[in-house]
Number of protein chains: 2
Amino acid sequence: MSDRSQRRREATLAEIKAVARQHLVAGGPSSISLRAIARDMGMTAPALYRYYASLDALVLDLCTDLYTELRIACEAVRDAVPDGVIEKLHAMAREFRRWVLAHPAETALMFGPPLPGVNQFIDGCNSLQDAGHRFGRIFTDLMVELYRQGRLPDVLVDLPAHEDLPPSVTALFLKGWTRLYGVIMAEAFGHLNWALTDATALFESELADMTADLRSR
Amino acid sequence: MSDRSQRRREATLAEIKAVARQHLVAGGPSSISLRAIARDMGMTAPALYRYYASLDALVLDLCTDLYTELRIACEAVRDAVPDGVIEKLHAMAREFRRWVLAHPAETALMFGPPLPGVNQFIDGCNSLQDAGHRFGRIFTDLMVELYRQGRLPDVLVDLPAHEDLPPSVTALFLKGWTRLYGVIMAEAFGHLNWALTDATALFESELADMTADLRSR
DNA sequence: CCTTCGCGTTAACGGTGTTCACTAATCTAA
DNA sequence: TTAGATTAGTGAACACCGTTAACGCGAAGG
């Protein structure tokens, strides 16, 4: 494969994903269709099978791209905060919420229930889990830094240790992650609409409580 | 409309929803199709339009049924606990998790991202929000009982009061609800699979922390 | 130069939601 | 009892969808 055609192939892959994302944003995950994408690109649907084995594979690839996009956005605000590990975590959590609320359709794909045809793609799932893993790492890295400074409380949850993380960091991360996931996704998925029009105060209250739990217990 | 034919109509409605649920459980929300339902019932697809204006309306109706089913399950364990408001809340939270993990496809429908075609059904959304509201009420009712006994801490979140609930009850409920939603849905949607095979310990830890926050702060 | 291979096509199969015209049955009221 | 209105169903059709197969074209590589 020549270098020229390889770059052309990657450009086509990027265009496919870009058009797919337009449809995702316009009509939600279910309105991503090979035929519509091909139509927008001036092609026919079977041509897309030269690039993806199935529609699910395309959606999966798009999903991993979204994870890295979100990670980069959070890394940017992290690096914009001059110092203070907790302050960096705060900024990342707020950016996480901001990104999610600005991209509800993408969020449905990334953080909603799994699509039925996703779990059987072992290789694709690996790259997806890798992208998700690297997103989680930007949080655990800072928590490990807190841990090394001795500023993290010991937590009494009996959870299996994960990779090179100290057990208490794993436990504290999972507790913080699920709590963050709860406030943000409940809002993003519209499950607070019956009570709130703006969940900012609720989010900030949860963030403050999480910080308090992080400092001592 | 005679009484006989009305009961016959409701029986057909129930059968439609029962068959739809079978397909939901078998293949997820996207595999609910009018043609397949009609096929299983020995009918043709257009006949179902005598009962629902669209597929989305059917799914919406099924969804409200699921909310009341979940509520009844939680009410049952609540009434099985002899006394102790906090103990009842614990039992309801555990039953909520148990039901969700036992019914992942139904959970995707009820607590996942909103389906694109759902929000325009104003009447259907009313009945859905009503079912969801009554589910939330079984939790707020117990919290109001705690509030009347003076066992609830004052919480400092500035949130709009909801209906006849005291403001601190609204705030404490929303904080508890989003937290519960987070642990349970993150597990149910498979977003903890990379770290945990069994999230029971994490759930119990969160439940314990929530109870501590409820007792005093 | 010739061959392989990447990339695209058309045609086709089976599936989907939805609408329309129509029929058979049942319920209602004169 | 009989005429009319309502109900519940049918089949055909339209416009989509994912996917597969057979085929052509044009460029890359030996």
Side-chain angles (χ1 to χ4, degrees), chain A residues 1-17 19-24 26-63 109 115-121 124, chain B residues 1-20 22-24 26-63 109 115-121 124:
Chain A
M1 168 110 57
S2 90
D3 192 48
R4 177 89 191 95
S5 60
Q6 188 164 357
R7 269 184 299 175
R8 170 166 171 76
R9 179 177 177 84
E10 280 179 22
T12 310
L13 273 167
E15 188 188 356
I16 293 173
K17 286 187 279 191
V19 175
R21 185 168 180 178
Q22 288 177 358
H23 291 210
L24 168 67
S30 67
S31 64
I32 304 179
S33 82
L34 291 178
R35 292 190 119 110
I37 292 170
R39 205 181 306 130
D40 285 9
M41 294 177 65
M43 299 199 314
T44 58
L48 296 177
Y49 283 83
R50 301 287 172 187
Y51 300 91
Y52 289 103
S54 69
L55 173 65
D56 288 328
L58 194 169
V59 172
L60 206 61
D61 191 27
L62 176 59
C63 200
L109 218 56
L115 303 187
V118 148
N119 296 24
Q120 46 265 47
F121 290 92
Chain B
M1 169 108 62
S2 89
D3 193 47
R4 179 88 190 96
S5 60
Q6 188 164 0
R7 271 184 299 175
R8 174 176 158 71
R9 181 176 177 83
E10 281 180 23
T12 310
L13 273 167
E15 188 188 355
I16 292 174
K17 286 186 279 191
V19 176
Q22 289 178 357
H23 291 194
L24 168 67
S30 66
S31 64
I32 305 178
S33 82
L34 292 177
R35 293 189 119 109
I37 293 169
R39 206 180 306 130
D40 286 7
M41 294 177 66
M43 299 198 315
T44 58
L48 296 177
Y49 283 82
R50 300 289 168 187
Y51 300 91
Y52 289 103
S54 68
L55 173 65
D56 288 329
L58 194 169
V59 172
L60 205 63
D61 192 28
L62 175 60
C63 199
L109 220 55
L115 303 187
V118 147
N119 297 24
Q120 48 265 47
F121 290 92

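Each chain gets a letter, A, B and so on, in the order the sequences are listed, and its residues count up from 1.
A/Ala20 and A/Leu58 make their closest contact through CB-CD2, 3.8 Å (heavy atoms, listed as atom of the first residue, atom of the second, distance). Contact detail for B/Lys17 and B/Leu62: the closest heavy-atom pair is O-CD1, 4.0 Å. Of all the heavy atoms in A/Gly27 and A/Ser30, the pair that sits closest is O-OG, 4.4 Å. In plain terms, the two heavy atoms of B/Arg50 and B/Arg9 that are nearest each other are O-NH2, 2.7 Å. Smallest separation of non-hydrogen atoms from A/Leu48 and A/Ile16: CD2-CD1, 3.6 Å. The two residues B/Ala36 and B/His23 come nearest to each other via the heavy atoms CB-CE1, 3.3 Å.
Counting any heavy atom pair closer than 4.0 Å across all strands shown, A/Arg4 reaches no nucleic acid atom.
Distance B/Arg8 CZ to D/dT6 C1': 15 Å, rounded to the nearest Å. A/Leu48 places its CG atom 12 Å from the P atom of D/dC17, with the value rounded to the nearest Å. Atom OH in A/Tyr52 sits about 13 Å away from atom P in C/dC7, given to the nearest Å. Here C/dG8 presents its C1' atom at 12 Å from CE of A/Met41, a figure rounded to the nearest Å. Per the geometry, CD belonging to B/Gln6 stands 14 Å off C1' belonging to D/dT6, to the nearest Å. Atom CE of A/Met43 is separated from atom C1' of C/dC7 by 9 Å (rounded to the nearest Å). A straight line from CG of B/Leu13 to P of D/dT7 spans 14 Å, rounded to a whole angstrom.
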Report summary line: The contact string for nucleotides 12-19 of chain C, one letter per nucleotide 5' to 3', using protein heavy atoms under 4.0 Å with B, S and - for base, sugar-phosphate only and none, comes out as B---BBBB
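A sub-4.0 Å separation between OP1 or OP2 of C/dC7 and a side-chain N or O of A/Arg9 is present. In this structure, A/Thr44 does not reach the C/dG8 phosphate: none of its side-chain N or O atoms is under 4.0 Å from OP1 or OP2. A sub-4.0 Å separation between OP1 or OP2 of C/dG8 and a side-chain N or O of A/Tyr51 is present.
B/Tyr52 OH to B/Ile37 CD1: the interatomic distance, rounded to the nearest 0.5 Å, is 9.5 Å. To the nearest 0.5 Å, the span separating OG1 on A/Thr44 from CZ on A/Arg35 amounts to 9.0 Å. Note that CD1 of B/Ile32 is 10.0 Å distant from CG of B/Asp56, once rounded to the nearest 0.5 Å.
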Can you name the atoms? Protein N/O to nucleotides 22-25 of chain C N/O, anything below 3.5 Å, with the distance.
none

